[in-house]
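Written below as structure tokens is the structure these notes are about.
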Protein chains: 2
Amino acid sequence: MISDPMQGAPTLEEVAALAGVSRSTVSRVVNNSPHVKADAVAAVQVAIDKLGYVPNRAARSLASRKTQVIALVVPESTAKVFADPFFASVVQGVALRLAETEYTLNMVIASEAAPEKTRRYLLGGNVDGALVVSHHSGDHSYAHLGLTLPVVFGGRPLSASESDSYFVDVDNIGSARTVTQHLIDLGRKNIAMIAGRQDMPAGADRLAGWRGAMSDAGLDSSLVEQGDFSPRQGAEAMRRLLDSGRPIDAVFASNDQMAAGALSALRERGVSVPGTIAVAGFDGDYFGETSEPPLTTVVQPSTGLGEKMAEVLVRLLAGEPVERVTIMPTALIVRGSTVA
Amino acid sequence: MISDPMQGAPTLEEVAALAGVSRSTVSRVVNNSPHVKADAVAAVQVAIDKLGYVPNRAARSLASRKTQVIALVVPESTAKVFADPFFASVVQGVALRLAETEYTLNMVIASEAAPEKTRRYLLGGNVDGALVVSHHSGDHSYAHLGLTLPVVFGGRPLSASESDSYFVDVDNIGSARTVTQHLIDLGRKNIAMIAGRQDMPAGADRLAGWRGAMSDAGLDSSLVEQGDFSPRQGAEAMRRLLDSGRPIDAVFASNDQMAAGALSALRERGVSVPGTIAVAGFDGDYFGETSEPPLTTVVQPSTGLGEKMAEVLVRLLAGEPVERVTIMPTALIVRGSTVA
DNA sequence: ATGAAAGCGCTAACAT
DNA sequence: ATGTTAGCGCTTTCAT
């Protein structure tokens, strides 16, 4: 059998004995207190190294009433579409940034069936703060968590007013306007929209951005179909658009996955892209990079978004002043799906 | 400012007082001890609900010498390619499965620069067990961790002998043979291989499987180029293959990402697929699903792999007998890249 | 600058 | 079946 890992781990007390100082002094050294004489610090360091001492988190947490744990809350529905490369990148950014700190990353899958369980866990003093990513969820039972626990959201929370929650996001409306304008500048007039779920900020805002650009240009903005951000539903939406019989010379989809789906529907109907219909997406993930033709899209700094979320929370926890809203930059990338 | 979340959290002692029993009894109820009378259980439950009591993990961990934490160790290089959908799915499986247990998932990014930091953390009594995924790493400093801490690997560990580590994997050799045989059955004779990194088991084994099938069929197995599992290097490998001037009528790539890259190289050279060259991949991820044409591939149950890893570790931790090696089933999926 | 002492909230023998 | 008694390993006043 495997030996108990917690067995025989050297304690602070043993370090103190070996260094010939009190436990308090060792504790101070471990916590970088400035009030310890240099030689004492040295002696303790030697003892720590010799023993391979690692502070016990549980004891430390119990005594200090701080957990040094940050929860990354992922609604279960989002977890199921972990396949979403955008989401995976955000998680990656969070993990990378947190690895540089003393915080530990606790990934929590929030079952939509038992939201109370998650709430209790988060509010039960098990974590110092939480990061909530819900690209794909309408569930915002976490919106009010921010009143009790430091929380940073990935993407603007739907239900909470901007004034009382911290979040990191991109300018979805503005970016959607930009892609749409690109399509308009190309001379396209009948630009359809494959919108994402409207119970999600990203879905609603991108639709709003498209509408804004269309009406500013005096174009009709009634060509809208909806999908759930998946390639499959993107393809289905495209087919419905085609079947409507209305003239279409361009399509803007709420994300690259749906745009890629639209591309396959177009291919199966023998419609040339961008010749007959130009297609643009949003996200800048590899669905768009590897599609045929590659997609014109709005690139979001997905890893950067995760890093920023972690950073905002860490600073919040450190008591530093932090801006409630952080908007990350996006960039329009023009590729073969709109320009031959 | 935000109120201290750990402030005022009801303690076991308060529950005991309200229920009119001792702390031990409350503890027993919380831990589902069978030795508590029904009415006492009821009284305690009422008190717990009324107070909204949540056990303090730190205190529990300190007293019980168990952390209830499982680390998911991700080598930093792997984290950077978190973009790998296969890997993301494995993580998803782990998280989903662990969410059903009492364990907490601690995601640890193991910096290759400071492997000792991770070792210390894992061995310092901060976790009960670890899950190591290193699809993309040659680093196996974790191989010997298994001697001290319960560890389950995703994929066969390279350096450790099978007899002393737990792992969950698929039959890479056999599956690679199967795809290759499919190509041979199609009448292809000059089948090239785009192999993955040979310092990784998956890379080496898939190459071996292809070799085996080729030599069994009496075919030449010298048409090999290597890549790092990325689409870009898959495309480059394909170009080198084409530039070699040797006849080629099929290609098997170590993963779908490289196969997708090969597809784009082929398209840019105007080579028809599967007409002139048939292409097959491995993994069953969406690179293969969304490519044009979609890829014939070996589907691995990626989420299932993660779930199984979690399950094996949980059972190991529970002291249940568990098989050291778990091989998950794969399936050959034939699509347009090999059959018109 | 350092030590002594008192817990943090819980579990785990040991009694009863 | 339930209560009592010690700690788990660390931080943190409070002295000195």
Side-chain angles (χ1 to χ4, degrees), chain A residues 4-44 47-48 51-69 102 120 123-128, chain B residues 4-44 47-48 51-69 102 121 123-128:
Chain A
D4 181 346
M6 217 143 166
Q7 197 83 332
T11 69
L12 184 152
E13 174 128 41
E14 292 165 29
V15 174
L18 184 61
V21 298
S22 74
R23 297 181 309 174
S24 317
T25 299
V26 177
S27 177
R28 290 187 183 100
V29 172
V30 170
N31 295 292
N32 303 310
S33 161
H35 306 297
V36 186
K37 276 207 307 208
D39 54 339
V41 174
V44 171
I48 285 179
L51 262 32
Y53 168 75
V54 180
N56 177 306
R57 279 192 107 90
R60 196 195 269 228
S61 164
L62 186 57
S64 66
R65 306 175 67 64
K66 285 189 182 318
T67 65
Q68 293 293 92
V69 172
E102 285 295 282
R120 285 256 169 113
L123 264 20
N126 295 306
V127 303
D128 288 348
Chain B
D4 181 346
M6 217 142 166
Q7 198 84 333
T11 69
L12 184 151
E13 175 128 39
E14 291 165 30
V15 174
L18 185 61
V21 298
S22 74
R23 297 182 308 175
S24 319
T25 299
V26 177
S27 177
R28 288 187 184 102
V29 171
V30 170
N31 295 292
N32 302 311
S33 161
H35 308 295
V36 188
K37 272 207 310 210
D39 55 338
V41 174
V44 171
I48 287 181
L51 262 31
Y53 168 76
V54 181
N56 178 306
R57 278 192 106 90
R60 201 198 269 233
S61 164
L62 187 56
S64 67
R65 306 175 68 63
K66 285 188 181 318
T67 65
Q68 291 294 90
V69 173
E102 285 295 282
Y121 176 74
L123 265 20
N126 295 307
V127 302
D128 288 347

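Within every chain, numbering begins at 1; the chains are lettered A, B, ... in the order of the sequence lines, protein sequences first and strands thereafter. Quick note: numbers below take in every heavy atom, side chains included, and nothing from hydrogens, waters or symmetry partners.
Taking the side chain of B/Ala63 as heavy atoms from C-beta on, and the options D/dC8, C/dA5, D/dT4, the nearest nucleotide is D/dC8. Ranking D/dC10, C/dT2, C/dG9 by closeness to the A/Ala40 side chain, first place goes to C/dT2. Listed nucleotides D/dC10, D/dA1, D/dT5 differ in distance to B/Lys37; the shortest reach to its side chain belongs to D/dA1.
A/Val21 comes within 4.0 angstrom of sugar-phosphate atoms only, judged by non-hydrogen atoms across all strands, and of no base. A/Thr25 comes within 4.0 angstrom of the backbone, heavy atoms only, and of no base.
Taking atom CD1 of residue B/Ile48 and atom P of nucleotide C/dG9, one finds them 16 Å apart after rounding to whole Å. Atom CD in B/Glu13 sits roughly 13 Å away from atom C1' in D/dT4 (whole-Å rounding). For the pair B/Leu62 CG and C/dG9 C1', the interatomic distance rounds to 9 Å; values are reported in whole Å. Regarding A/Arg57, its CZ atom lies at a distance of 15 Å from the C1' atom of D/dT11, rounded to whole Å. For B/Arg23 and C/dG9, the CZ to C1' distance is 8 Å, given to the nearest whole Å. In this structure, the CZ atom of B/Arg60 is 19 Å from the P atom of C/dC8, given to the nearest Å. For the pair B/Glu14 CD and C/dC10 P, the interatomic distance rounds to 9 Å; values are reported in whole Å. Distance, B/Leu12 CG to D/dG3 P: 12 Å, rounded to whole Å.
In terms of position on DNA chain C, the residue among B/Ala59 and A/Val41 whose nearest nucleotide sits closer to the 5' end is A/Val41. Heavy-atom distances to DNA chain D give each of B/Ser64 and B/His35 a nearest nucleotide, and the one nearer the 5′ end belongs to B/His35.
Distance check, rounded to the nearest 0.5 Å: OG1 of B/Thr67 to CG of B/Asn126 gives 7.5 Å. Interatomic distance, OG of B/Ser61 versus CG of A/Leu62, reported as 9.5 Å (0.5 Å rounding).
With B/Val21 as the fixed residue, the side-chain contact (heavy atoms from CB on, under 4.5 Å) test singles out one of B/Val44, B/Val41, B/Val15, B/Val29: B/Val44.
Residue B/Thr11 places no side-chain N or O under 4.0 Å from the OP1 or OP2 atom of C/dG9. For C/dG9, one of the phosphate oxygens OP1 or OP2 lies less than 4.0 angstrom from a side-chain nitrogen or oxygen of A/Arg65. In terms of phosphate contacts, B/Asn31 brings a side-chain nitrogen or oxygen within less than 4.0 Å of OP1 or OP2 of C/dT11. For the pair B/Ser27 and C/dT11, the criterion of a side-chain N or O lying under 4.0 Å from OP1 or OP2 is met.
Taking 4.5 Å as the limit, some side-chain heavy atom of A/Leu12 sits within range of a side-chain heavy atom of A/Tyr53.
Judged by atom type and distance alone, A/Arg28 reaches the base of C/dG3 through a side-chain donor-acceptor pair under 3.5 Å.
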Practice item. Determine, step by step, whether B/Arg60 and B/Val30 satisfy the side-chain contact (heavy atoms from CB on, under 4.5 Å) criterion, reporting the C-alpha distance in whole Å, the side-chain angles of both residues, the deciding distance to 0.1 Å, and the verdict. Key: CA-CA 11 Å; B/Arg60 201 198 269 233; B/Val30 170; 3.4 Å; yes
